[in-house]
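First comes the structure, then the notes that go with it.
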Amino acid sequence: MAMERQLSSPSAAGVGLLGAGVVGSQVARVLVQPDTDFRHLLSLNGILVRDKSRPRDGVPSDLITTDPERVLGDDRNDIIVEVMGGEEPAHSYMAAALKAGKHVVTANKEVLAKYGDELTNLAAENGVTLSYEASVGGGIPVLAVIQDSLRANRIESIRAIINGTTNFVLSSMEESGSSFEDALAEAQSLGYAEADPTADVDAHDAVYKLSILTRLAFGASVNPEAIHREGIRHIGAKDLRYAGALGFTIKLLAIARSDANGVRCRVHPALVPVEVPMANVNGVLNAVELNGDLLGPLWLQGRGAGAGPTASAVMGDVLRIAKTMFTQSGKGQSTNNGSSTREIEPDVIDMDDLRVRYYVRLAAIDKFGVLAKVASVFGDAQISIASVLQFDSDDERGLADLVIMTHPSREANMQEAAMRLRQLDVVASLENLIRVEDYDEV
Ligand code: NAP
Ligand code: HSE
């Protein structure tokens, strides 16, 4: 049963902030900035942190507290902005706020991916709004586009770069020859990375975001655990160099397609042809390609992480809610950013029948007869080889880097071939296996 929420003050919407780190501090600064045309609409009443002694430039220190009740239990707060991150206590705080009839704005993709249905239902039951534009694509308003502008479309596919940290790392490794560790440290210092950057590097963050996109675009609740996930740890400078020589770059892509058979979602590094726009999405930029049945392809690009872009998305949600509260004369509203009119339990299609081209890098013994043995493994797995190139040699160990590009092949066959290549006496190691993303269709 939806309740009506009354404005705590007739003139301004009260805001309580959970977290004042990279994003929260920027949101606080925007909220208290004196010269904005929305200053009079919003009143910041409290800011929850863990450590009160940490310096926070431009954040009103008199509002800072370590007591969650001082923010969540403050009757003046109409809107709770959650920018703490992590699963708990963020999830419980958001649930409590919604149950108390407060609107919630969050940038937390982990909680939305894991508890999106529960929180969406709580928002609807309590007649309040749950908004989470900042959880996907940083400052890019992709969720609003899916939910509003493309509402009449059936979205068929999504292909995206939705993790700024890994895109920054791969771009830095390629452009300036940075090491993986140095590039990651720089992304952390710029405020792009998660508190635990393994969430970025091992692609959990991108999986959470793809799960959110999938729920909104396809009306399909796909458990993040069901999404195929590979991070970028195994991508070496050599792969970027060899891919470049073959006319590709390497990006961490999040891809989802929906058809009559169900939904297939995957996040993994992919070779992307240098001539397509996705190859030129560098640094912290994110990009999302959507394909709607009425519109056709749509391309959205912008800064995907960092204080400014994320605060931009958070404040967009806050102001949309405040505007609705005032135009509805203090009455709450039950639409929210998480519902879909096309909720389905999708069949999640596994990876086995995926057909793509593959890049395979082997460290192989550098002598006659090796290629024949390697080729026979591909032949036995019914995989057709498109090209074989020999790159760097390690004369001391008598090894050479072989890069094999295949024609489109079935994933299960490629995995079978990979297993047999690892067992081959002429192969010292299978160094990498990367899918190619072809661009003849979105
Ligand atoms: P952050 O810099 O680590 O800030 C987290 C803030 O929350 C800090 O102020 C911290 O307090 C506070 N906090 C954490 N756990 C707490 C607890 N148990 N009790 C009280 N306070 C707690 O994180 P961030 O980069 O701003 O990210 C915040 C959220 O936005 C995350 O969900 C993240 O995924 C999302 N996001 C971030 C970006 C980005 O570019 N950074 C972009 C999009 C979305 P202390 O300051 O006292 O430690
Ligand atoms: N750590 C995330 C990223 C922040 O690098 O994309 C933005 O969600």
Side-chain angles (χ1 to χ4, degrees), residues 106-121 123 130-138 140-163 166 199 202-231 251-268 270 278 286-295 297-300 304 313 336-351 353-354 435 437 441-442:
T106 179
N108 194 324
K109 41 272 162 132
E110 179 172 5
V111 167
L112 258 298
K114 293 180 178 171
Y115 303 98
D117 291 342
E118 175 205 317
L119 295 177
T120 298
N121 290 338
L130 169 68
S131 293
Y132 43 92
E133 184 62 74
S135 67
V136 183
I140 306 174
V142 59
L143 303 189
V145 166
I146 291 174
Q147 291 226 288
D148 299 335
S149 317
L150 301 187
R151 187 69 189 237
N153 284 254
R154 195 167 56 79
I155 295 177
E156 289 153 354
S157 63
I158 300 166
R159 181 162 50 194
I161 292 173
I162 40 176
N163 182 269
T166 46
D202 295 328
H204 295 283
D205 179 81
V207 160
Y208 296 146
K209 290 168 176 169
L210 187 61
S211 156
I212 295 169
L213 284 174
T214 304
R215 171 149 19 86
L216 297 185
F218 304 152
S221 279
V222 177
N223 184 336
E225 296 287 322
I227 296 179
H228 178 87
R229 175 182 58 81
E230 287 171 41
K251 298 290 182 189
L252 182 72
L253 293 186
I255 300 167
R257 287 204 167 82
S258 168
D259 61 27
N261 299 320
V263 173
R264 178 184 277 132
C265 301
R266 53 196 168 105
V267 175
H268 56 72
M278 197 64 96
N286 281 194
V288 183
E289 278 178 271
L290 299 165
N291 207 12
D293 61 342
L294 300 176
L295 174 68
L298 174 70
W299 173 266
L300 300 165
N336 61 72
N337 212 3
S339 69
S340 167
T341 53
R342 290 182 276 125
E343 285 288 331
I344 52 165
E345 276 301 322
D347 286 332
V348 179
I349 308 169
D350 69 20
M351 292 284 282
D353 289 325
L354 180 73
R435 298 174 190 85
E437 184 61 15
E441 52 168 313
V442 173

**Asked** Between T214 (side chain) and L210 (backbone), is there a donor-acceptor pair under 3.5 Å?
**Response** yes
**Request:** Begin with the C-alpha distance, continue with both residues' side-chain angles, and end with the deciding distance and a verdict on side-chain contact (heavy atoms from CB on, under 4.5 Å) for R257 and I255.
**Result:** CA-CA 7 Å; R257 287 204 167 82; I255 300 167; 3.8 Å; yes
**Message:** Looking at I162, is its backbone amide N or carbonyl O close enough to the side chain of K209 to form a donor-acceptor pair, meaning the two atoms are under 3.5 Å apart?
**Reply:** yes
**Asked** Is a side-chain N or O of N291 found less than 3.5 angstrom from the main chain of L298, in a donor-acceptor match?
**Response** no
**Item:** Pairing residues for D350 by the salt bridge (charged side-chain N to carboxylate O under 4.0 Å, His left out) criterion, not counting sequence neighbours
**Value:** none
**Asked** Under the 3.5 angstrom rule, does the side chain of D259 hit a backbone N or O of N261 as a donor-acceptor pair?
**Response** yes
**Message:** Donor-acceptor pair, distance only, cut-off 3.5 Å: does the side chain of E133 make one with the backbone of L143?
**Reply:** yes
**Asked** Taking NZ, NE, NH1 and NH2 as the nitrogens, is one of them in R435 or E437 under 4.0 Å from a carboxylate oxygen of the other?
**Response** no
**Message:** Between N163 and T166, is there a side-chain donor-acceptor contact under 3.5 Å, judged purely by atom types and distance?
**Reply:** yes
**Asked** So, for L300 and I140, which heavy atoms are closest and what is the spacing to 0.1 Å?
**Response** CB-CG2, 3.8 Å
**Asked** Is R229 paired with D202 through a side-chain N to carboxylate O contact shorter than 4.0 Å?
**Response** no
**Asked** Between A217 and I155, what is the shortest heavy-atom contact and its length?
**Response** O-CB, 3.9 Å
**Message:** With side-chain contact (heavy atoms from CB on, under 4.5 Å) as the criterion, how do L253 and I161 come out once you've worked through the C-alpha distance, each side chain's angles and the decisive distance to 0.1 Å?
**Reply:** CA-CA 5 Å; L253 293 186; I161 292 173; 3.8 Å; yes
**Asked** If every non-hydrogen atom of V207 is compared with every non-hydrogen atom of P224, which pair is closest and at what distance?
**Response** CG1-O, 3.5 Å
**Request:** Rounded to the nearest 0.5 Å, what's the gap from CH2 on W299 to CE on M278? Could you check?
**Result:** 4.5 Å
**Request:** Calculate, to the nearest 0.5 Å, the distance between atoms CD1 and CD1 belonging to I158 and I146 respectively.
**Result:** 5.5 Å
**Item:** Evaluation steps, side-chain contact (heavy atoms from CB on, under 4.5 Å), between Y132 and L216
**Value:** CA-CA 11 Å; Y132 43 92; L216 297 185; 3.7 Å; yes
**Prompt:** Are K109 and I212 close enough, and set up right, to give a side-chain contact (heavy atoms from CB on, under 4.5 Å), and what steps lead you there?
**Reply:** CA-CA 8 Å; K109 41 272 162 132; I212 295 169; 3.8 Å; yes
**Request:** Keeping the roles fixed (side chain from D293, backbone from R154), state whether a donor-acceptor pair exists under 3.5 Å.
**Result:** yes
**Asked** Is there side-chain contact between L252 and E230, with at least one heavy-atom pair below 4.5 Å?
**Response** no
**Closest contact, heavy atoms only, R215 versus S221** = CD-OG, 3.8 Å
**Message:** Going by the rule salt bridge (charged side-chain N to carboxylate O under 4.0 Å, His left out), which residues pair with R264 if we only count those two or more places apart in sequence or in a different chain?
**Reply:** none
**Fill in**
CG (L354) and CD1 (I349) are apart, to the nearest 0.5 Å, by 10.0 Å
**Message:** If I take atom CZ from residue R151 and atom CG from residue L294, how far apart are they, to the nearest 0.5 angstrom?
**Reply:** 13.5 Å
**Request:** First locate atom NE2 of H228, then atom SG of C265, and finally report the distance between them rounded to the nearest 0.5 Å.
**Result:** 12.0 Å
**Request:** Working to the nearest 0.5 Å, report the span between CG of L112 and OH of Y208.
**Result:** 12.0 Å
